[in-house]
Amino acid sequence: MRMIGHFIGGRHVPGTSGRTGDVFLPMTGEVQAKVALASRAELRAAVENAAAAQPAWAAQNPQKRARVLMKFLELAHRDEAAIADLLAREHGKTIADARGDLQRGLEVVEFATGVPHLMKGDFTEGAGPGIDMYSMRQPLGVVAGITPFNFPAMIPLWKCAPAIACGNAFILKPSERDPGVPIKLAELFIEAGLPPGILNVVNGDKEAVDAILEDPDIHAVGFVGSSPIAQYIYERAAATGKRAQCFGGAKNHMIVMPDADIPKAADALIGAGYGSAGERCMAISVAVPVGEATAQALIEELVPRVEALKVGTSTDPGADYGPLVTRAHLDKVRGYVDLGVAEGAKLLVDGRGFRMQGYENGFYLGGCLFDEVTPDMRIYREEIFGPVLSVVRAGTYEEALALPSKHEYGNGVAIYTRDGDTARDFVSRVNVGMVGVNVPLPVPLAYHTFGGWKRSGFGDLNQHGPDSIRFYTKTKTVTSRWPSGIRTGAEFAMPTMR
Ligand code: NAD
C-alpha cells in the first residue's frame, strides 16, 4: 500500500503517529493509499522548522521571492498533465476539470508574483513640521492554511502563494481525502528554489487542526471547508489571538427571469449544477424561475439535458462528470435525494439507479433534478454538495430576490435576464458575496477577491487579490523626524495638526 506522509523542511517525512486515513480511487472504489494523520508533536516539529526558516526568507528582497514563484509557475506547467491525472484519481473529477482546478490556483500564483508592488507601503512627506509618516507591510511569521477536498490544487495555492510571497512561512493542512497534489506542489516549490521550511505540508485530521489552533507560533489561519468547521476554527483562532479568515458552505441560486434566453440558462444550469458532480462551493444548486411560464419552459429544457448527462470515470475524456469523492459522501448525497422525495419535492430525474458498467464499486451518482422544492424543506436549506439541482418556483422578481438574500448561506448567486435594470437592481440588493449576471459561476479572478457572506464566510478579508496581501501582512506605521525638526522643551498636551 502506498503511504503518503508529510513534507516538512523541504523533504518527505513519514508519519509517526501510527494513525492513518484511507485515500480512495473514487472511480473504482478501491483504497489507493494511506495518508499519515499527524500528531500534535509532528505539527509542532513542522512549526519549529518553519519558524527557523522564516526570517531569512522574509529578509530576501521581494523580487527574489517573486522569482521563486515565477519558476514554480514554469514547473507546474511542465508537470500539468501529471498533476491533473493525480488530482482526478484522488478527487474523482475529470482530467479536464482537474486542469481547471490547477490553473485557477496558478493564476493566484501569477498574481502573487506582483508582490514587490503589492507590498509597497505609503509615504507622506511633511505630515507635520519636519515630520514624515510612512507605513509598511511586514509578514506575520508562520501562518497556516486548512483546506477542503474539492479543490486540492486551487485552494492550497490560493492560501500559500500570497502568504509565502509576503515573506511568511506556511503550514498547509490539506484535506486528508486527496492529499497527493498538495505534496506534489510543495515538491515543485522546492525545485523552484523555495528555501526548505517555508512551505510545509502536514497531513492530518482534527488533531492536527487543533494543534494549529493552539500553536503559539502560528499567527494566522486561513480555512476553507464546511460552515460548522469554519465557525469552529474562527472562534478557536480568535480565542488564541490568531488572525483568521474562514470560508464555509454554500447554496447558490440562479434566478431565471421571464425575458432570459431559456435554453442558454438551462445550459448554464447544467454546467454549473452538475460539473465536478456538484462538488463546488460555487455550484448552482437552486434554480429559481420567475413566473409559471418561465418555470414550465425551463423544466422542459432541463429534463432532457439532465437525462443526457454523461457520467464517467475520472479519466474518460467524454465524461461530463465523474464519481463523488468517497462512499460516505455518496451515501450522504443519496440520503438527501431520499429526503427530498420524503419531504414532498417532485423528483423529475432520478440518478440513484445509475450503475457504471465495469466500475460497480465506484462512487457514482446520476444527475438528479427536483421540482416544486419549497424553502421550508431541508433539501433547500442545507448544502447537498452533489449532482442534485432543485427548482424553487417564484411568482415574482421580489420573491426570487428574497430567496438567496434570506438563505443562511451567501456565497454565490446568478441572474439570467436581458433587462439591464433588473440586473442592476439585483446586483445592488442581493445579500450574497459574489454575483453573476448571465454568468453562472461568478468566481472572481485572481486579482479580485473571493469570499461569501453570512455563513459562507467568517472574517473580514477575502481570499486572493489585494485582501490576501492585507491578510498575510501586518502594517507598521512610522512617524519620523530628524534633529532639525525636533523642538525644544517637553509637550504635555496631545499633539495635533491644528
Ligand atoms: P470539511 O469541513 O469536512 O473539511 C475541511 C477541512 O477541515 C479539512 O482539511 C478537514 O481535515 C478539516 N476538518 C474536518 N472536520 C474537522 C473537525 N471536526 N475539526 C477540525 N478540522 C476538521 O469540508 P470538505 O468536505 O473537505 O469540503 C467541502 C466543503 O467546503 C463544502 O461545504 C464546500 O461548500 C466548502 N467549500 C467552500 C469554499 C469557499 O470558498 N467558501 C470553497 C470550497 C469548498
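Bear in mind that the values here come from a model prediction, so they are computed numbers and not experimental data. First listed ligand is number 1; within each ligand, the first listed atom is number 1.
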Worksheet item: What pairs with Asp331 under salt bridge (charged side-chain N to carboxylate O under 4.0 Å, His left out), at least two apart in sequence or on another chain?
Response: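 Expected list: none.
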Discussion item. Could you measure the distance from the CD atom of Glu90 to the CZ atom of Phe149? Nearest 0.5 Å is fine.
Written reply: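 That separation rounds to 13.0 Å.
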In the protein, which heavy atom is nearest to [atom], and how far is it?
atom	value
atom 41 (N) of ligand 1	Gly248 O, 2.9 Å
atom 34 (O) of ligand 1	Glu383 OE2, 2.6 Å
atom 21 (N) of ligand 1	Val209 CG2, 3.4 Å
atom 7 (O) of ligand 1	Phe223 CE1, 3.3 Å
atom 40 (O) of ligand 1	Phe450 CE2, 3.1 Å
atom 3 (O) of ligand 1	Arg177 NH2, 3.6 Å
atom 19 (N) of ligand 1	Lys206 CG, 3.5 Å
atom 13 (N) of ligand 1	Ile229 CG2, 4.0 Å

Worksheet item: Of the choices Asn203, Asn150, Ile212, Asn252, which has the non-hydrogen atom that lies closest to atom 44 (C) of ligand 1?
Response: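 Ranked by closest heavy atom to atom 44 (C) of ligand 1, first place is Asn150.
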Worksheet item: Taking the minimum heavy-atom distance to atom 35 (C) of ligand 1, which of Gly412, Gly225, Gly410 ranks first?
Response: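 It is Gly225 that holds the nearest heavy atom.
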Hey, do the aromatic rings of [X] and [Y] have their centres closer than 6.0 Å?
X	Y	answer
His407	Tyr380	yes
Phe363	Phe24	yes
Phe189	Phe72	yes

Worksheet item: Within less than 4.0 angstrom of ligand 1, does Val325 place any heavy atom?
Response: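 No, Val325 has no heavy atoms under 4.0 Å from ligand 1.
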Output yes when the distance from some N or O of ligand 1 to some N or O of [X] is under 3.5 Å, and no in every other case.
X	result
Pro148	no
Lys173	yes
Cys281	no
Tyr232	no
Phe385	no
Trp158	no
Thr147	yes

Fill in: Those atoms of ligand 1 less than 4.0 Å from some heavy atom in Gly249
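Near Gly249, the atoms of ligand 1 are 32 (O), 34 (O).
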Worksheet item: What residues form a side-chain contact (heavy atoms from CB on, under 4.5 Å) with Arg355, not counting sequence neighbours?
Response: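 With neighbours one apart ignored, the set is Arg334.
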Worksheet item: In terms of heavy-atom contacts, does OH of Tyr447 have more than 12 from other residues, nucleotides or ligands at under 6.0 Å?
Response: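 Atom OH in Tyr447 is not packed in, count stays at 12 or less.
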Discussion item. Other residues, nucleotides and ligands only: do more than 12 of their heavy atoms fall within 6.0 Å of CZ on Arg11?
Written reply: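 Open.
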Item to complete: Please name the pair of heavy atoms, one in His91 and one in Ser276, separated by the smallest distance, quoted to 0.1 Å.
Response: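 Reported closest heavy-atom pair: CE1-OG, 3.8 Å.
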Worksheet item: Within the side chain of Gln245, is there an N or O that forms a donor-acceptor pair under 3.5 Å with the backbone of Val221?
Response: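 Looks like no, no N/O pair under 3.5 Å.
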